[in-house]
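One structure below.
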Amino acid sequence: MTAGPAAPPAPRLLVWRHGRTAWNAGGRFQGQLDPPLDDEGRAQAARTAPHLAALLRGEDAVVVSSDLHRARDTAGALAPLLGVEVRVDGRLREHGLGTWEGLTRDEVAERHPGQYADWIAGRPVPGRGGEAQADVAARALAAVADLPPADVAVLVTHGGTAGRLIEALLGLGPVHRRVFGPLGNCHWSELSFQPSGWRLMRHNLAAPSGADHRARASGDRGPFPGPSASDVPDAAVPDAAEPPADTAATDADAAG
């Protein structure tokens with residue numbers, strides 16, 4: 001009889017995207033550059049942390065963050081509520097976007113029209129530089145494999161890296177990219193390890209806007225943002241659907 005996949009150190013994951021930055025708000029590609037949270041981003045983290053702490057009450061939890069400040073500061077709002085220290089792992093940092101980092105969507109379209117057209121069409125983006133998506137997924141998976149034993153791990157990361165990690169855990173290939181909408185700022189997804197492998201339990205959840213930190217209904221989630229610059233596949237995908245022309249680049253570490 002064939003054995004199932006090996007059990008991970010933490011059988012439950014919350015993949016939590018950092019709060020908003022001014023670059024997120026302005027549609028500017030961040031990649032591995034390191035702008036801080038803006039006032040709204042800090043408020044998002046302060047609002048979300050008690051909600052997550054309530055969800056995790058009574059569980060043995062670890063909090064592991066990307067080494068970029070927007071993620072570390074988001075993680076820092078939660079860790080004290082759980083009575084743990086933030087563990088920093090550079091393998092959770094954002095997808096490196098090469099020459100696009102620091103530019104707005106309009107600036108990319110003006111300076112690199114061919115690359116921009118490839119991105120919009122869902123094709124690879126030659127000449128941009130940065131990281132291959134497979135490399136982003138591999139380093140994020142390695143970070144998960146090296147987690148300390150715990151009931152649950154909160155991974156505080158970025159839109160592009162979160163997407164690649166979730167896809168890799170679920171065994172999804174390039175043809176399935178963009179099946180899931182990217183995480184909004186300070187939204188999270190929950191995965192649970194089953195005998196057959198990882199299962200996505202909830203996606204793109206957000207804390208209530210008020211002071212009620214009770215668990216939300218399983219189907220309750222925040223709105224989906226627009227496409228991420230790092231949602232471009234490494235290899236061509238036949239008949240890739242073109243996103244609507246008026247979709248704002250407000251997300252995922254395309255801005256984040």
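Only heavy atoms go into these numbers, but all of them, side chains included; no hydrogens, no water, no symmetry mates. Being a predicted model, the structure only gives us computed values, none of them experimental.
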[atom2] on [Y] to [atom1] on [X], rounded to 0.5 Å:
X    : Y    : atom1 : atom2 : answer
R20  : D38  : CZ    : CG    : 4.0 Å
W100 : R105 : CH2   : CZ    : 9.0 Å
L155 : L147 : CG    : CG    : 6.0 Å
L183 : H158 : CG    : NE2   : 12.0 Å

side-chain contact (heavy atoms from CB on, under 4.5 Å) against [X], all qualifying residues, sequence neighbours excluded:
X    : answer
E101 : Q32, L33, L97
L170 : I166, L172, F180, L191, W198, L200
E107 : R28, L103, T104, R111
V88  : D67, R72, V86

Handout entry: From CA spacing to verdict: side chain to side chain donor-acceptor pair (under 3.5 Å), S189, H203
Key = CA-CA 4 Å; S189 292; H203 181 57; 2.6 Å; yes

Would you indicate whether the side-chain heavy atoms of [Y] and [X] approach each other to under 4.5 Å?
X    : Y    : answer
H51  : L55  : yes
R70  : P35  : yes
M201 : R199 : yes
L165 : L141 : yes
S66  : E94  : no
L56  : L81  : no

Shortest non-hydrogen contact from [X] to [Y]?
X    : Y    : value
R17  : G159 : NE-N, 3.6 Å
A77  : A45  : CB-O, 3.8 Å
A153 : A10  : CB-CB, 3.9 Å
P5   : P195 : CD-O, 3.3 Å
A46  : P50  : O-CD, 2.9 Å
P148 : V62  : CG-CG1, 3.8 Å

Handout entry: S192 and E190: side chain donor to acceptor below 3.5 Å
Key = no

Practice task
List the steps, then state whether side-chain contact (heavy atoms from CB on, under 4.5 Å) holds for L68 with Q30.
Solution key: CA-CA 11 Å; L68 299 179; Q30 294 177 142; over 6 Å; no

Problem - side-chain contact (heavy atoms from CB on, under 4.5 Å) partner of T74, the single match among T48, N185, V156 - result: V156

Handout entry: salt bridge (Lys or Arg N to Asp or Glu O under 4.0 Å) involving D151 - partner list, sequence neighbours excluded
Key = none

Is the backbone of [Y] close enough, under 3.5 Å, to the side chain of [X] for a donor and an acceptor to pair up by distance?
X    : Y    : answer
H95  : E131 : yes
D118 : Q115 : no
W16  : T157 : no

Problem - Heavy atoms of other groups near Q194 CD, more than 12 under 6.0 Å - result: yes

Problem - Within 6.0 angstrom of R139 CZ, more than 12 heavy atoms from elsewhere - result: yes

Problem - Single-linkage hydrophobic cluster L169~V136, side-chain heavy atoms < 4.5 angstrom - result: no

Exercise for the section: Determine whether W188 and L37 fall in the same hydrophobic cluster, where Ile, Leu, Val, Met, Phe, Trp and Tyr are linked whenever their side-chain heavy atoms lie under 4.5 Å apart. Expected result: no

Practice task
For residues 56-66, pull every pair meeting salt bridge (Lys or Arg N to Asp or Glu O under 4.0 Å), keeping only residues two or more places apart or in separate chains.
Solution key: R12-E59

Problem - Close aromatic pair by centroid cut-off 6.0 Å: W119 and H112 - result: no

